[in-house]
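Before any comments, here is the structure.
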Amino acid sequence: MSAELPSLPPVVKPLLLEALGRPFLAYELGATEDEIDQWLVGPNDEFGTLQQTQALLQLHIVLHGSRGDDNLSLRRLNLSHILGIYQEPFHTTLVNVIRGIATGEGAALVSSGSLEDILAQLVRDVYPLYLLPTDADPFPNSSTVSVYQNPLRQRFKAAVMVDEVLAKLFQAEDENSGRHGSLLRSTGQGGGVQLIMFAEMLIGAGWRAANTAKPGHPSVDEHVEAALMQLTIVRDALDGRHVEVPVRVAFTGVRLLVDQPIDLGWGILRKTDDRDRPLVPGGIEGQLQGTGSDGVNVSIDYSGDVVLDTKIDYRVRMRQFEPGDEWPQDLRAFDQVQRLIENVQLGALLSQDFNASEPITVLPTWRYVHDPLAHGYGVGWSDPRMSRSFMPKQLDEAAASKWRDFAIAVEAHRTKYIDVAIRRTLRAAAERRDFADVLMDAVIAWENLLGSRRGEPTLRVSGAIAWLLEDTSEKRSVLRSELSKLYDMRSDVVHGNKMPSDQKLVPKSQWALEVAVDSLRVLFTSRLELLTECKTGDERSNRLLMGG
């Protein structure tokens, strides 16, 4: 073989690997990544068959022509543009022509003029570009230029405008934007959508959906299927049908020892894996190690070791959002994400006996709400290193089962009337660095659960908690008295009368938080009727104080 083809230059292996990556090379050559790895460490520059080596030479020529700049990101962008050039004689892009040299596969022509067939062919034309490395780039590679110059784009646009549902997206037209429209979505996103960018938007959304659905890169058929699903989601949402989109939230603070995902009914908790890698922001890298009171050393990733997979309703409305406008109430499905996060956090907190020195802490790190009409992943994140210091924990099968049971119970039985108690308890447990704030939050949680506008609040709330947590008159009397003293301390801090020393404030604040956690645990287990039958804190405290 080497006699029939000149040897590849020695620089080609590291250069091809750096710029193109294993997944792209494997796809282009019709090989496996293991075969690519063996070639990279092997003595021969040629790869596989004569046709595969010819394809390698073509890739080297393209790469050499795209170098021009030592900036790796710019080089990859140039590569994407060159490889995405449409080759009219072959009815596909250059990147697929090179793959055809290696594999003998030709381009599959569009079998009909349907919108779905056209979109599927556009995906196949640009699919290899999505396999190019992106970890060193600020944004993922884009197929925009390739789709823009593809002759199928005009057929796609025409097919969209004769679709009576999809055409609603593009009712306006001007010289600069062409056909376009403005809409709001229940993901919390909104803005303009251009017909000229619609195909690339669906292809990109399809890649994001397929690339985060399972570990490893999606196949071309999986990319096609996912892109077509984005088209269906958009059409159904415009038509007023019920449709959902995936949501993913990562949590740090705990590790799961069980490999089996935890089914919550409304979501799945699982270990993080390769499918989450495209979503992890670079700003929260790093690890934390700690040895708890049980003597077990645990290491966690700040970017998250546990992921919640769930869904929210996807709705759209054709309108422009102006400064000062309030986001429509029927398009606030994104609010549900925060509620589900709180369910996971509170479920963990209630699942273990409260330990003031090292309470179980589950902190959200990054979240991704999939939107078929968005550009890019659009991941939101918060830095867990900004919270109060915490002790990493690992959960065995029994502990994970308790976490599941409490998370399910919280979602099933919480009402908007105890949302304040839930939020304040979670903040006191994980976020507050000042123990005066811990005390404030904990007592506010008491009042939200069992307070009233009528009567003397200290007596009512402390008495109701005593009835909730203790089972004899003697124990209730002692607890009510101690809670009243905590109320006095809270009052002194709030009104600036007296600031207790840290030696006194820290344990008292921790105990106040423990009382809030214990109260919520009892309400979601043995006294569930106080949530299901009583609407307000007033009603709950009345029933408790009357011995109910």
Any donor-acceptor N or O pair under 3.5 Å, side chains Gln121, Arg155
no
Residues forming a ring-ring contact (aromatic ring centres under 6.0 Å, His included) with Trp366, sequence neighbours excluded
none
List in chain and number order the residues that pass side chain to side chain contact (heavy atoms under 4.5 Å, CB included) with Glu358, two or more places apart in sequence or in another chain; answer none if no residue qualifies.
Ser293, Asn355, Met391, Lys393
Sorted by chain and number, sequence neighbours left out, side-chain hydrogen bond (donor to acceptor under 3.5 Å, both in side chains) with Asp437 holds for none
Arg185 NZ/CZ over Tyr314 ring centroid, <6.0 Å and within 45° of normal
no
Identify, with sequence neighbours excluded, every residue that meets salt bridge (Lys or Arg N to Asp or Glu O under 4.0 Å) alongside Asp330.
Arg317
Could you tell me whether Lys271 and Asp259 make a salt bridge, using a distance below 4.0 angstrom between a side-chain N and a carboxylate O?
yes
With sequence neighbours excluded, residues passing side-chain hydrogen bond (donor to acceptor under 3.5 Å, both in side chains) with Glu411
Arg339, Asn343
What residues form a side-chain hydrogen bond (donor to acceptor under 3.5 Å, both in side chains) with Arg315, not counting sequence neighbours?
Asp313
For Phe321, enumerate each residue passing the ring-ring contact (aromatic ring centres under 6.0 Å, His included) test, keeping only those at least two apart in sequence or located in another chain.
Trp327
Tell me which donor-acceptor pairs under 3.5 Å the side chains of residues 344-354 have, and how far apart each pair is, sequence neighbours excluded?
from   : atom 1 : to     : atom 2 : distance (Å)
Gln345 : NE2    : Val362 : O      : 2.9
Ser351 : OG     : Ala348 : O      : 2.7

Could you tell me whether Asp419 and Lys416 make a salt bridge, using a distance below 4.0 angstrom between a side-chain N and a carboxylate O?
no
Gly178 backbone acceptor or donor facing His180 side chain under 3.5 Å
yes
With a 4.0 Å cut-off on N to O distance, would you call Arg235 and Glu116 a salt bridge?
yes
Contacts of type side chain to side chain contact (heavy atoms under 4.5 Å, CB included), residue Phe435, not counting sequence neighbours
Val438, Leu505, Val506, Ser509, Gln510
Can you classify the ring geometry of His223 versus Tyr127 as parallel (below 30°), tilted (30 to 60°) or perpendicular (above 60°)?
tilted
Can a salt bridge be assigned to the pair Asp276 and Arg270 using a cut-off of 4.0 Å between side-chain N and carboxylate O?
yes
In a check of side-chain hydrogen bond (donor to acceptor under 3.5 Å, both in side chains) between His370 and each of Arg208, Gln230, Arg248, Lys311, which one passes?
Gln230
Electrostatic pair Asp335-Arg332, nearest N-O below 4.0 angstrom
yes
Under the side-chain hydrogen bond (donor to acceptor under 3.5 Å, both in side chains) test, residues paired with Arg427 that sit two or more places apart:
none
Taking only residues two or more places apart in sequence or in another chain, which ones pass side chain to side chain contact (heavy atoms under 4.5 Å, CB included) with Thr415?
Tyr417, Ile418
What pairs with Glu225 under side chain to side chain contact (heavy atoms under 4.5 Å, CB included), at least two apart in sequence or on another chain?
none
